[in-house]
Amino acid sequence: MTKGEPGKGAAKKTTAKKIASAPKSASITTQPAEIAAAAKARKRPARKDIRAAAAHPSMRKRTTAATTDDATERPLRAVPDLPELGDAQATPTPTGGSSYPLPGLETAVSTLVSALRVAGSAAGLQGEDLEARIAQALAYLRRRVTGDYDIDEFGFDPEFTEEVWLPLLRPIYKRWFRVEVRGIENVPADGSALVVANHSGTVPVDGLMLQVALHDQHPAHRHVRMLGADLVFQSPLVGELARKAGTTLAANADAERLLGTGQLTAVFPEGFKGVGKPFSERYRLQRFGRGGFVSAALHTGAPIIPCSIVGAEEIYPMIGNAKSLARMLGFPYFPLTATFPWLGPLGAIPLPSKWIIEFGAPVDTASLGPEAADDPMLVFDLTDQVRETIQQTLYSLLLQRRSVFW
């Protein structure tokens with residue numbers, strides 16, 4: 001830098017003096033008049049000037065090069081023409097007019113069909129029977145997905161019971177317990193009836209076997225509506241399955257509604273006292289309560305059918321009861337059997353005892369009239385009569401049975 005050139009420090013001082021001497025109104029904020037004047041000063045280029053610039057050889061060469069580079073870098077893709085906005089079907093649909101297929105759906109269906117074929121072959125089904133069962137299972141799954149099935153006011157699902165619930169119980173019924181049914185002709189083919197049975201077995205499996213017996217052995221294939229205790233419906237999974245299979249609360253109001261609509265109903269008057277009794281008291285009936293089931297039958301005129309079940313007492317021989325643990329868990333009892341809990345999960349497998357289910361002659365209630373339900377002595381006499389019939393039949397069946405397991 002020469003002596004004649006001003007330094008940077010002098011330039012900064014000169015600029016600071018000019019800013020300090022400028023009027024305050026124009027220092028920071030620009031007035032609207034000045035903004036308008038500046039806008040007029042900036043003129044838009046004329047349209048012919050734009051055309052001339054675009055037609056310049058240098059600009060044409062630059063545009064051609066950019067287009068060529070893009071074409072070489074990005075491959076062209078064919079895009080179908082979209083329908084016009086006024087068309088009713090503005091949303092494009094796949095070929096064939098069907099909805100878009102779910103990814104992997106075909107593979108899942110093929111896997112399911114293969115699994116059904118293997119299961120059917122293992123069950124002894126071959127040929128047309130196997131194909132019919134597979135088609136029936138797929139149709140059931142479709143109705144479940146679409147919601148095309150019916151349930152009644154109590155939550156009973158007949159299709160679920162016939163297609164899922166009973167098939168799961170049949171192998172146990174036929175091969176494990178080898179249930180023998182007697183007196184099935186005493187159960188009416190239609191109309192209401194109240195089946196009264198003894199209750200036993202530590203775990204209430206007898207109700208499940210009774211359900212299979214009435215559906216499979218009866219000529220009319222009747223569904224039985226069980227009356228269950230409160231604990232059944234307080235259990236999350238058990239309660240939901242019981243509802244779908246036709247079980248409802250053991251209350252007089254529900255029993256009368258079922259019998260009033262012509263349903264075949266079953267009740268176990270012993271309750272948990274019968275199921276949880278020790279093995280030393282097997283086949284000795286407990287108290288039948290206050291005869292509520294008799295009142296329901298009298299109000300509706302439904303016949304009472306005594307039912308005796310032999311074999312359930314031996315599936316879990318109960319040798320003790322952990323009462324403290326039962327109170328802690330909220331159970332009426334906590335069983336200690338010959339195998340549970342000593343064998344762990346294996347102790348939950350029931351012993352393969354031989355079962356006999358016998359239905360006795362119906363006890364008529366229609367001739368007594370609904371007003372008979374208000375007579376406590378008559379209700380008590382009928383309750384005692386049904387209980388004694390079941391007890392004597394149990395003793396008779398025990399004498400006829402060759403052994404516990406065959």
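If you're wondering where the values come from, they're calculated on a predicted model, not measured in any experiment.
Minimum interatomic distance between F340 and G347 (heavy atoms only, all atoms of both residues): CB-O, 3.7 Å. Scanning both residues, A193 and I305, for their nearest heavy atoms gives CB-CD1, 3.9 Å.
Residue I309 forms a side chain to side chain contact (heavy atoms under 4.5 Å, CB included) with just one option from I356, I357, V205, and that option is I357. Partner of R401 under the salt bridge (Lys or Arg N to Asp or Glu O under 4.0 Å) criterion, chosen from E314, E358, E180: E314.
Under the 4.5 Å side-chain criterion, counting only non-hydrogen atoms from C-beta, L210 is in contact with M226. Taking 4.5 Å as the limit, some side-chain heavy atom of R178 sits within range of a side-chain heavy atom of P352. Counting heavy atoms from C-beta outward, V275 and Y316 have side chains that stay 4.5 Å or more apart. Side-chain contact between T202 and I315: absent, with no pair of heavy atoms (C-beta onward) separated by less than 4.5 Å. V310 has its side chain within reach of L398: a pair of non-hydrogen atoms, C-beta onward, lies under 4.5 Å apart. Proximity of F268 to P204: side-chain heavy atoms (C-beta onward) are nowhere separated by under 4.5 Å.
Cation-pi check for R143 over Y140 is not met; the charged atom does not lie both under 6.0 angstrom from the ring centroid and within 45 degrees of its normal.
Shown here is R170, whose CZ atom has more than 12 heavy atoms of other residues, nucleotides or ligands within 6.0 Å. By the 6.0 Å contact criterion, CZ on F405 is enclosed, its count of non-hydrogen atoms from other residues, nucleotides or ligands being greater than 12.
The CG atom of L298 lies 6.0 Å from the CG atom of L378; values are rounded to the nearest 0.5 Å. Here the straight-line distance linking atom CG of L169 with atom CE of M209 works out to 5.0 Å at 0.5 Å rounding. In this structure, the separation between NZ on K273 and CD on Q286 is 7.0 Å, given to the nearest 0.5 Å. From Q211, atom CD reaches atom CG of L208 across 6.5 Å, with rounding to the nearest 0.5 Å. Separation of atoms CG (L194) and CG (L227) is listed at 7.5 Å; rounding is to 0.5 Å. Interatomic distance, I390 CD1 to Y283 OH, rounded to the nearest 0.5 Å: 14.0 Å.
Comment: D384 does not engage R387 in a salt bridge, judged by the lack of any side-chain N to carboxylate O separation of less than 4.0 angstrom.
Looking at H223 and E162, their side chains do bring a donor and an acceptor atom within 3.5 Å of each other. There is no side-chain donor-acceptor pair under 3.5 Å between S396 and Q392.
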Trace of the side-chain hydrogen bond (donor to acceptor under 3.5 Å, both in side chains) decision for T389 with Q385: CA-CA 6 Å; T389 300; Q385 176 186 345; 5.4 Å; no

Step-by-step side-chain hydrogen bond (donor to acceptor under 3.5 Å, both in side chains) determination, R225 to T247: CA-CA 5 Å; R225 310 298 299 274; T247 304; over 6 Å; no

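Taking the six-membered ring where the residue is Trp, H221 and H215 present tilted rings, their angle falling between 30° and 60°.
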